[in-house]
Structure formats: C-alpha cells, structure tokens
Amino acid sequence: MKKFLCLYLLGATSLAAPNPYQIFPGKGFGSFGPQLTLAQMEKQLPQGQFMEGETGGQKSATLYAMEPTRRITLLFNAKGRIRSMSIHGYESVWHTTQGIGLGTSLTSLEKANGGPFKYRSLGMGQDSGRVLDWQGGKLTIPFAHVKITFAAAMHSKGYATLNDAEHQRAEADGQVFSSADTLSRKLNPIVETLELEF
C-alpha cells in the first residue's frame, strides 16, 4: 500500500509541475522575463546558448541561440531595458495556456478567441500578416501586449488551393481581412511570430 501511495503522489506531483515552455503574456517565456538580468538568464542556459548582438540597429540578445525550436530573441530600449521578447519560425516548443505558438493556424486562433478577429493581408508591406483586432474575443485582454503575425501566404496550409484572383487578393498590401472571410478560412495561414511587449 505504501509503495502504491508513493507512486500516486509522485505521479500527482509530476502532473502539477509547471510547464517550462509556457508563454506568459506580460511576464515572459517560462522562467525568462524582464525582471531578470542578462547574467541571470545566461546562468539558466547551457553553455554557448546565450548570445548578444544587434537586430535592426538595436541591442539584442538570443536565448537558446543554437536551438531553433527553443530560441527567444530579446530587444532592448534606449535605456537598456527589455522592451520585447519574441519567437519566430514555423515550429516551437513555446506556447500559451490556450495552446497558441508558432505554426498555430488561423482557425485554431479563431477558436481560442471564441470568434473572428481582424488581421493585415499577407503582402510584402510593413506589418503584413499582423493580427490587428481581437474584436472583443477571449484573447482581447490577455493578448493586449502580444503581437501575433502570420507567415507569408505561400506557407499557409491552403495556399495551393487558391486560384489566381485569390492569390492576388491574399497577397495585396495594406488590406485588412476578417478571419471569418471565405478566403481566410480557405488559406488558413499559420503563426510565424509571437512577440511579448513590455
């Protein structure tokens, strides 16, 4: 009986253990956040997995630099404080409590929001693919300081099913679409960037 009780308690403890790859909007990625110094973050990483540099002329740092599915990029403001932390690509171990991360489809994002949202078309212009308005859905408040950006149209799940006119519409610069649009559902783009702003 004692052996069974020990195994049960051990299993319950492992189930209750926090997910080390959870994204906390407003706080950070797992145990990494703006409350830590760079030295404290570097101590949490395996050797060679922390790098400092510049991104777009701004000071930056990379956590898990050699592991694309765990990589996090930090950008700093003029005072040297962390202004944002982001992940980029098509696959990552990091995700929110709603299950949102890199590779999340538009339809999954809409389901997590509990309704449609608006986003910018997938052209080549500035902020292309950026979610603009959660339209009062479940993600409105928790994602107030989270930037979600979809990948280019050609990386979307339904890109091959579009006709020429639909390709042109999806990739036109400066357009705003609803996730409920027929074209949006047919294209079903995936999340390529998730950025927390502080």
Side-chain angles (χ1 to χ4, degrees), residues 7-52 55 60-77 81-117 119 129-151 155 157 179 188-198:
L7 287 172
Y8 174 78
L9 290 173
L10 187 63
T13 304
S14 65
L15 287 174
N19 183 336
Y21 299 114
Q22 186 169 333
I23 301 169
F24 299 98
K27 296 181 180 177
F29 287 77
S31 60
F32 302 101
Q35 76 282 1
L36 299 179
T37 65
L38 290 182
Q40 288 171 325
M41 290 189 200
E42 187 173 6
K43 279 183 183 176
Q44 292 186 47
L45 297 167
Q47 191 171 2
Q49 293 281 31
F50 176 84
M51 297 176 96
E52 290 186 75
T55 302
S60 66
T62 307
L63 313 180
Y64 296 110
M66 308 306 289
E67 296 181 54
T69 61
R70 290 208 280 178
R71 188 177 297 144
I72 306 167
T73 300
L74 286 63
L75 293 179
F76 299 84
N77 62 23
R81 295 191 184 121
I82 297 173
R83 72 170 179 83
S84 72
M85 299 176 75
S86 64
I87 52 175
H88 179 80
Y90 308 118
E91 186 181 350
S92 176
V93 296
W94 299 101
H95 57 271
T96 67
T97 55
Q98 300 89 351
I100 298 165
L102 301 184
T104 298
S105 68
L106 174 141
T107 52
S108 296
L109 204 56
E110 188 179 80
K111 185 176 179 182
N113 190 46
F117 57 88
Y119 69 100
R130 176 78 43 84
V131 173
L132 302 171
D133 185 356
W134 296 108
Q135 298 195 280
K138 294 176 187 175
L139 300 179
T140 302
I141 293 173
F143 278 36
H145 298 287
V146 178
K147 284 185 179 177
I148 297 275
T149 306
F150 289 117
H155 297 294
K157 297 184 178 215
S179 60
N188 202 17
I190 59 169
V191 173
E192 182 181 45
T193 304
L194 190 153
E195 180 179 3
L196 306 184
E197 296 181 304
F198 306 105

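The residues of the chain are indexed from 1 along the displayed sequence.
In this pair, F117 and W134 present their aromatic rings tilted. The plane angle is within the 30 to 60° band. Note on ring orientation: taking the six-membered ring where Trp is involved, the planes of W94 and F29 are perpendicular (angle over 60°, cut-offs 30° and 60°).
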- Message: T193 vs E195, test: side-chain hydrogen bond (donor to acceptor under 3.5 Å, both in side chains). Steps then yes/no.
- Response: CA-CA 6 Å; T193 304; E195 180 179 3; over 6 Å; no

- Run the ring-ring contact (aromatic ring centres under 6.0 Å, His included) check on F198 and H145 step by step: do they pass? CA-CA 7 Å; F198 306 105; H145 298 287; 9.3 Å; no

- Message: For M41 and L74: C-alpha separation, side-chain torsions, deciding distance, then whether side chain to side chain contact (heavy atoms under 4.5 Å, CB included) applies.
- Response: CA-CA 11 Å; M41 290 189 200; L74 286 63; 3.7 Å; yes

- Task: Apply side chain to side chain contact (heavy atoms under 4.5 Å, CB included) to the pair H95 and N19, showing each step before the final yes or no.
- Result: CA-CA 10 Å; H95 57 271; N19 183 336; 3.2 Å; yes

- Kindly indicate, with the supporting measurements, whether the criterion side-chain hydrogen bond (donor to acceptor under 3.5 Å, both in side chains) is fulfilled by T97 and Q22. CA-CA 7 Å; T97 55; Q22 186 169 333; 4.8 Å; no

- Go through S86 and S84 one step at a time and tell me if the side-chain hydrogen bond (donor to acceptor under 3.5 Å, both in side chains) criterion holds. CA-CA 7 Å; S86 64; S84 72; 5.5 Å; no

- Passes side chain to side chain contact (heavy atoms under 4.5 Å, CB included), K157 versus S105? Steps please. CA-CA 8 Å; K157 297 184 178 215; S105 68; 4.0 Å; yes

- Begin from the C-alpha positions of E197 and R83 and carry the test salt bridge (Lys or Arg N to Asp or Glu O under 4.0 Å) through to its verdict. CA-CA 6 Å; E197 296 181 304; R83 72 170 179 83; 5.5 Å; no

- Query: Between L102 and I190, is a side chain to side chain contact (heavy atoms under 4.5 Å, CB included) present by the stated rule, with each step listed?
  - Reply: CA-CA 7 Å; L102 301 184; I190 59 169; over 6 Å; no

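Using a 4.5 Å heavy-atom threshold, the side chains of I100 and F143 count as touching. In this structure, Y21 and R70 have side chains that are in contact, with non-hydrogen atoms separated by less than 4.5 Å. Put simply, the side chain of V191 does not reach to within 4.5 Å of the side chain of T149, judged on heavy atoms. F150 has its side chain within reach of V131: a pair of non-hydrogen atoms, C-beta onward, lies under 4.5 Å apart. Looking at heavy atoms from C-beta onward, T96 lies out of side-chain contact with V146 at the 4.5 angstrom threshold. At a threshold of 4.5 Å between non-hydrogen side-chain atoms, the residues T62 and F50 do not count as touching.
In this structure, OG on S31 lies 11.0 Å from CD on Q40, to the nearest 0.5 angstrom. Atom CG of L196 is separated from atom CD1 of I87 by 8.0 Å, given to the nearest 0.5 angstrom. The line from CG of L36 to CG of L38 is 9.5 Å long, rounded to the nearest 0.5 Å. Distance check, rounded to the nearest 0.5 Å: NZ of K138 to OG1 of T140 gives 11.5 Å.
Taking the six-membered ring wherever Trp is involved, the centroid distance between the rings of Y90 and H155 falls below 6.0 Å.
The shortest non-hydrogen separation linking G99 to T104 is O-OG1, 3.8 Å. Counting all heavy atoms, side chain and backbone alike, Q98 lies closest to L139 at NE2-CD2, 3.9 Å. Contact detail for S179 and E110: the closest heavy-atom pair is OG-OE2, 2.5 Å. The two residues Q135 and D133 come nearest to each other via the heavy atoms N-OD1, 2.7 Å. What you find for I72 and F32 is that their closest heavy atoms are CD1-CD1, 4.4 Å. Closest approach of E67 to Q49, counting heavy atoms only: OE2-NE2, 2.6 Å.
Judged by distance alone, the side chain of N77 and the main-chain N or O of I82 form no donor-acceptor pair under 3.5 Å.
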